[in-house]
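Report on the following structure.
Proteins get letters first, then strands, A, B, ... in listed order; numbering begins at 1 in each. Any value given below was found using the heavy atoms of this structure, including those in side chains, with hydrogens, waters and symmetry copies removed.
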Amino acid sequence: MPDGTGDHPPAMVLSPVSTSVEAPTSTEALGLEEHGLSQRTLAWRRFRRHKLAMASLVLLTLIALVTIFASVIAPYGFSEQHLEDTLSGPSAKHLLGTDTLGRDEFSRLLYGGRVSLLVGLGVALSSGVLGTLIGAAAGFYGGRLDNIVMRITDLVLAIPLLVILIIASRVTSGGILDIVVVLSLFLWTPLARIVRGLFLSLKEKEFIEAARMIGASNRRIIFRHLVPNTLGVIIVNVTLTVALAILTESLLSFLGFGIQPPTPSWGNMLEDGRGLMTLAGWLVWFPGAAILLTVLCVNFLGDGLRDALDPTQRRVRA
Amino acid sequence: MLRFIVRRALISIPLLLVASVLVFTVMHLTTDPTAGLRVNPRISAADMQRYRHDLGLDKSGPAQYFAWLGNFVQGKWGTSLFTNISVSAQIREALVNSMVLGVTGFAIALLLGVTIGVIAAVRQYSVFDYLATSGAFVALSIPVFWFALILQLLFGLYLVRWLHLPEPIFFTAGMVQPGSQGFELVDRLRHLALPAIVLAVQLLAVYSRYMRASMLEVLNSDYLRTARAKGLRERRVIVHHGMRNALIPITTQAAIDLGGLAGGLIATEAIFQWPGMGALFVRVMGDGDYAIALPWVMLTMAFVIVFNLVADILYAVLDPRIRYA
Amino acid sequence: MLASKYVRHLRLLAVVGVVALVAAACGGGGGTSSGGNNNATAQKQGGKAVFAAEQWPECLNPITSCANASWLVYTAWEHVMPRLMQTDPKGNFVASDLLVEAPTEQNGGIKTKPFTITYKLRPEAVWDDGSQITSEDVKFTWDAIMKTTGTIGTTGYDQIKTIDTSDPKTVVITFKDVYSDWQDLFGGNNANGVILKKAAFSSPNVAKEMQTSYGFSGGPWKLQSYSQQQTVLVRNDKYWVKDHIPLLDQVTFVPRTDQSTEMNSLLTGEALAAYPQPSRGITKQLKAPGIKYESGTGSTFEGLWMNNDAFPFNDKTAREAFAYAMDRQGVIDAIYKPDFPEAQVLNCAGWSPAVSDWCGNDFSDISYQPDKVKSLLEGSGWTKGGDGIYAKGGKRFSVEFNTTAGNKLREDTQALLKEKAKAAGIELVIKDLPATQLFEDRLPKREFTLAEYAQVASPDPSVTAILGADQIPSAANGNSGQNFLGWKNAQATALMKESDKTIDHAQRRDLIMQINKIERQDVPWLPLIAKPLILTWHDDRLAGPVGEYAASSYSGFFNMYDWSLK
C-alpha cells in the first residue's frame, strides 16, 4: 500500500450484486447460503486450486512454527551480546551474522518474527472484531446509529496515515500491546464499512424476513443468519489486514517509533540496519526478506481465501 | 445528486474541526515548541518565559486553539510559530512539490496498470500473467523505505560503478541539481524519476490487479458472450464493452488515491529528500508548530473528502445499478 | 652575429624560465592539510562545491528561535556575519578577523572596576557594500538582542551596562559586574554571536527580518539564496582579510537529513563534504576511494544524568554504587572505538578535554566493578533478590532509563549498559522517547530517573546553569532552569558563582578543579564521553586544509574559504 496515501478502500456503499446478465440474486448463487459442511468443502476445494495460496499457507505455517519455537531453535538469546564479534558476516558461529553489539542476527530474526507476527495478528484480529461489531450494529439497526457510525468512519478514513502514525508514536510506549491497540483503533474502518454494507442489503432478503416472521430475535438473526453469511468477507479482510499491520509496524520503526529496542522486531531490525546496508548488508537483507516473504504469503493467502469464499461476488478489492 | 453533494459537504465541516481538535490536543499534550531551547545553557529562565509569552504559549490549550481557529476561519493563516515565514506559502510550496511527484507517479501507474491488467487478463495464465501477478504482489509486500533505499543505492552507487558513468542516470536526492537557479526540465525529470517510480510501483500493483480482475469478470460474463456471439470483433469487444465496465472500480480507486496524494509520502520524501507535504508534517509535528500542522491537517483531509465524494459520484454515474439512500 | 648570440641567450633564458615555472608548479603543489593559510599559487581559484547538511534551519534569523539550530550557524551565519571573539580549532578564544587584537589585561583591553572590555576594530573592516563596520553596529546588535520579540539568548547581554560608541572603530563595553564569559558575547559559541549591520534595519526589533535572506554580509561569504532545498553562498570580494577571501566561487549546502541518504550523497559525489553524526560503522563506510575524513573530540559531552530526588538516586551511596555498575569503558570499546580509536571515557563532569584545560580526571577511579557495587550496596542495607537484582525495603534497584528515540548510538549504549548492569545486580528498564517529549516533559518536570543526553560545553567553563543549586526547575519557577538533576550542593554552587566572576585563568581553573572534586564525592551524574566529531570529504576533488576545523564547535565547514577544487 502506498505509504501515506489511501490504504482505505472506496468510501461507498457496497452491493453484492453480480455483474453477470443472469444476475442471480438467490443466495445460492451468491455462494453464501448456510449449508454447513458441504459449503465449507466447496470453499476448501476452490482454495486448493489457488496454488500460490496453498504454498503460502504451508510457508506461513512454517514461519509461525519457527517463531513460536524461537526459544528452542535460536542458538542465542536476542539480547545476548558478543562484543568481540560485532558486525561480522554470516559464519558457522553466527548463521546470519551479527549486529553492532555482536548479537546473533539469526536468533534476533526468530524472536523478531514473533513480535512482528504478534503485532500483525493482534491488529488484524482486534480491528476485525471491532470493525465487524460496529459495522454490524450500524447495518442492522440503521437509522441514527448508522448515521453516527458512518460519520465516525468518515473521520477516521479521512485522516491521513501519516497523521495517524505520528499520533500513535506520541501516545505509545513502544510496547507490543500499545502499538496493537493504537493501530487497531484506526484500521477497523474499512471492514466496518463492508460489513455494514452487507448487512444493509442482506437484512432485506427473504430468508431474513422469513426468520423474523417465525419470531426469531434480533440476536438470533444477527448471529445465526447474517454473520455467517458475511464471514467470508470478514476472513479475507482480516487476513489482508495482517499484511498491512506488519508493513505499518515497519513504517513506524522507520519513523523511529516502532517496537522499543532492544526487543527486536523485523521492522526495527530493518530500520537499524538501514544505515549500514553497504557495510553489513546481512543486517538489512534478512529482516527485509522476512517481511517481504511473510507479507507476500499473507497476501497470496488472502487472495486464495477471496477466491474460495466469495467467487461470484463482485466486490471492490479492499 | 445535488442534495447529496451538499449534504456531504456540510457534514465534512464538523469532521474537519474534530480532526483539528484531535491533532491540536495531541500536539499540545506531547510536544513543546520550546523543547530545543531548554537544554541550551545560554538561554535563561527569564528568556524562556518571555519567549513563551511572546509566542502565546503560556495561554491554556483551549485559548491557544480558539485563537488559532479565529484567525484561520478568516483566512488569516498567519506565520509559523517560530519563524515569520507565512504558513500558506510554506504549505503551498510543499503541496506543489508533493503534487508534482504524486501526479507523475500516479499517471505512470494508471497508464501502465491498466495496460498490464488488460494484457494479463486477456492472456490469463500465460507467463506474462504470472509475472505481472507476482510483480504486483511483491510490490504490495515490500516495505516502501527499503525499496526506496535499494533504488537509491542501485542508481546512485552501483550502476555508476559498474557502468563507469560520470554521474547517475537518475539522481538519488533532492528536486534539483544543487546550486542550480533556474528551471531545467531534464534535470528535474532525472531527480523526479526515482521517487516517482517508488510511488508508481505501489499504485501500479493495485491498478493492475483491479484491472485484471475486473477484465476477467467482464470477459467471462454473459453479455460479453452475447456480444461475441453476435459476431463483434474481439478487439472491439474487449475495448468497447470490457474496458468500459472494468474501469469503474479503477476510476473510483484512482479518485481516492488522487485525494490522498495531498498528504504526501512519508518514507519516499524522507529518503529522496523531496520537500513535500509528508516531510513538512513530520517536521512541524516534531517541532510542535501547530500553526502549520493544523492547516496541514485541514487541507489534506479536505482533499481526501472532496476526492472521496468525486469517487462516490463517479461510481454512481458509471454504474447505474447503484443508488444512494 | 651579435644578434644571434643574444637570441640564443634569450632562448636559453626562456627555457630556463619555463623549467623554473614548471618546477615551481609541480613542487609547490599538493595543497594538503599542512595547517595555516593556503598557498594560493598551489590552489585553484574558482569553481563551485556542494556540501551536505544533516539538519536544516527553519529560518535565518540569528536572534530568535531559529538561532538555536546549530546548522543555522554551520550553513549560514558563521560564514556571513562578523563577530568579535571566536574560537580556534582547539576551543581557545582568539580574536576574529574583525579585531586588531584580542583584548587582554596587558594591552588594556580588559579593565576591572568597573569591568570594561575594549575592542579595537580593524580600520579596513567593511560590510559588503563598502561601508565601515563600526561600534554602532555592535551597539545596535545589543539592542536587537535585548529588544527583539522572541529573542532567545539575553544571558550575558543583560549584564552589559553601556556600550560606548564615541569612536567608530573602538567598542567599549561596560558591565554591571565582572562577567567572565564576555568572550561569548557578540561571538564565541553563542547562538546569537553575531554583529548585525545597523543600516540594514529600521528598528532594533528584528523579529520579522532575516527570515529567508540577509541583506548584508561582513564575512568571507555572501548569502545568495536560502530555501528548503538549498542555501547558496558566494564569495565576498570586499572581505578585508585577503587571505580569507574564498577561493571557491560558490558553495551550496543541501539538506540531507536522513543518515543513509547523507552518506549516499557523499559517496555518489553529489556532495563533496559532509559533517555527519558519529555512528557505528561510519568510518568503515568512508573507506571509499577518494574519500577522506578527519575526526576529533568535540565540546559536546554525553552523560548519564540521575534524578537526585528520585528513588534510588536520592541516596548518595546508591548513586556511587550505580556508577560502578556502569561499564563506561565497555561502551567506548564496543561502540565508539571501532570508528574513533581516540575515543576515551570522559572523567570530568561538565567539561570536555578538547576545550582548554578545565577537565580534571576525578572520575577515573570509577570503572565497571561489580564487587564494589556489591560492597557498597550490601553495606547500606541492600540485599540481592532471587532474580539477581538488589532490593531494599521491598523496592528493587530498577531504574527507568530514558533517552531520545531513533538514535542508534544511544540505543546500543543503553543495551550494553543494561546487560552489564544486570550482571552487577541492577536493572535498567529502557524507555526511549521522542526528543521533544524528553526535553519538554520529563526533564523540566523532573519526571525521570535516569536519562542519557548530550550537553554542550562552551569554551567558557561555567556550569552554573546546569549544576547550580538555584537552577533546579520546579513548579514554583515554572519548570525553568536546567539543573534537571536537582543537585543541591551549596559549597559547589558557591564555587561556581565565584568562578563565573574570575577572569584569571589559573585562578579559575583552581576553582573548577575543586568543583570537579566535589562532583566526584557526590556523584550527582556520570559523564560518559566527549562526543567525537567527524568531517568527511572528497579528497580527490577538494584541496586545502579541509580537516582543520573538524572538531571545532563551528563545524568542519568553518574554514571553507581556504578550500578549493582540485
Side-chain angles (χ1 to χ4, degrees), chain B residues 29-52 54-55 58 79-85 90 93-94 97 149 152-153 155-157 160 167-168 171-181 270-273 275 279-280 283 286-289, chain C residues 48 50 58-59 61 64-66 68-69 149-156 184 190-191 207-208 211-212 225 228-230 232 250 252 254-258 260-261 264-265 267-271 434-441 443-444 453 455-456 458 462-463 465-466 471 477-478 480-482:
Chain B
L29 292 177
T30 64
T31 65
D32 177 15
T34 60
L37 301 174
R38 285 184 190 275
V39 281
N40 186 333
R42 301 208 59 84
I43 299 177
S44 68
D47 279 337
M48 283 290 290
Q49 272 172 347
R50 189 179 352 98
Y51 180 73
R52 289 180 71 83
D54 285 342
L55 257 48
D58 49 358
T79 62
S80 144
L81 276 187
F82 309 110
T83 71
N84 265 291
I85 306 179
Q90 283 191 298
E93 188 186 333
N97 294 338
L149 179 64
Q152 194 178 51
L153 285 175
F155 279 89
L157 272 181
V160 170
E167 56 178 21
F171 292 110
T172 54
M175 270 179 32
V176 292
Q177 191 72 325
S180 74
Q181 303 287 2
I271 295 207
F272 291 109
Q273 202 73 48
L280 178 66
R283 174 164 67 90
D287 288 344
D289 194 344
Chain C
K48 302 185 183 176
V50 176
E58 308 236 2
C59 74
N61 191 309
T64 59
S65 69
C66 292
N68 196 45
T149 314
T151 177
I152 56 160
T154 58
T155 308
D184 272 325
N190 225 330
K208 296 209 199 300
Q211 297 297 315
T212 53
S225 69
Q228 280 300 312
Q229 289 146 44
Q230 60 188 25
V232 179
Q250 175 180 307
T252 306
V254 284
R256 295 288 174 258
T257 48
D258 182 80
S260 60
T261 305
N264 294 336
S265 179
L267 293 173
T268 60
E270 179 199 43
T436 52
Q437 204 171 343
L438 180 67
F439 296 126
E440 185 265 330
D441 227 28
L443 295 179
Y453 63 91
Q455 187 74 47
V456 178
S458 76
S462 169
V463 290
I466 58 170
Q471 297 293 322
N477 68 12
S480 53
Q482 291 174 28

Chain B contacts, top residue of [options] (heavy-atom pairs, under 4.5 Å):
{"options": "Thr64(C), Asp184(C), Thr212(C)", "answer": "Asp184(C)"}
{"options": "Val232(C), Asp258(C), Asn190(C)", "answer": "Asn190(C)"}
{"options": "Ser225(C), Ser265(C), Gly150(C)", "answer": "Gly150(C)"}
{"options": "Ala207(C), Ala271(C), Ser260(C)", "answer": "Ala207(C)"}

Heavy-atom distance under 4.5 Å to chain B: side chain of [X], backbone, both or neither?
{"X": "Pro255(C)", "result": "both"}
{"X": "Thr151(C)", "result": "both"}
{"X": "Asn264(C)", "result": "side chain"}
{"X": "Thr252(C)", "result": "side chain"}
{"X": "Lys208(C)", "result": "both"}
{"X": "Glu58(C)", "result": "both"}

Using non-hydrogen atoms and a 4.5 Å limit, figure out which bit of [X] sits close to chain C: side chain, backbone, both or neither.
{"X": "Ala173(B)", "value": "both"}
{"X": "Leu149(B)", "value": "side chain"}
{"X": "Pro178(B)", "value": "both"}

Between chain C and each of Thr79(B), Ile271(B), Asp58(B), Asn97(B), count heavy-atom pairs under 4.5 Å; write down the option with the most.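 Most pairs with chain C among the choices: Ile271(B).
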Determine the option with the most heavy-atom pairs under 4.5 angstrom with chain C, choosing from Ala94(B), Ala279(B), Gly156(B).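 Most heavy-atom pairs within the cutoff with chain C belong to Gly156(B).
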Quick one: does any side-chain atom of Gln273(B) pair with a main-chain N or O of Thr257(C) as donor and acceptor, under 3.5 Å?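 Present.
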Are side-chain heavy atoms of Thr268(C) and Val160(B) found at a separation under 4.5 Å?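 No; the side chains remain at least 4.5 Å from each other.
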Measure the spacing between CG of Asn84(B) and CD of Gln211(C) and express it to the nearest 0.5 Å.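 Here the interatomic distance stands at 4.5 Å.
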Set of ring-ring contact (aromatic ring centres under 6.0 Å, His included) partners for Phe155(B), sequence neighbours left out: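 In terms of ring-ring contact (aromatic ring centres under 6.0 Å, His included), with neighbours along the sequence ignored, Phe155(B) is linked to Phe170(B).
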For Phe272(B), enumerate each residue passing the ring-ring contact (aromatic ring centres under 6.0 Å, His included) test, keeping only those at least two apart in sequence or located in another chain.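 So Phe272(B) forms no ring-ring contact (aromatic ring centres under 6.0 Å, His included) with any residue.
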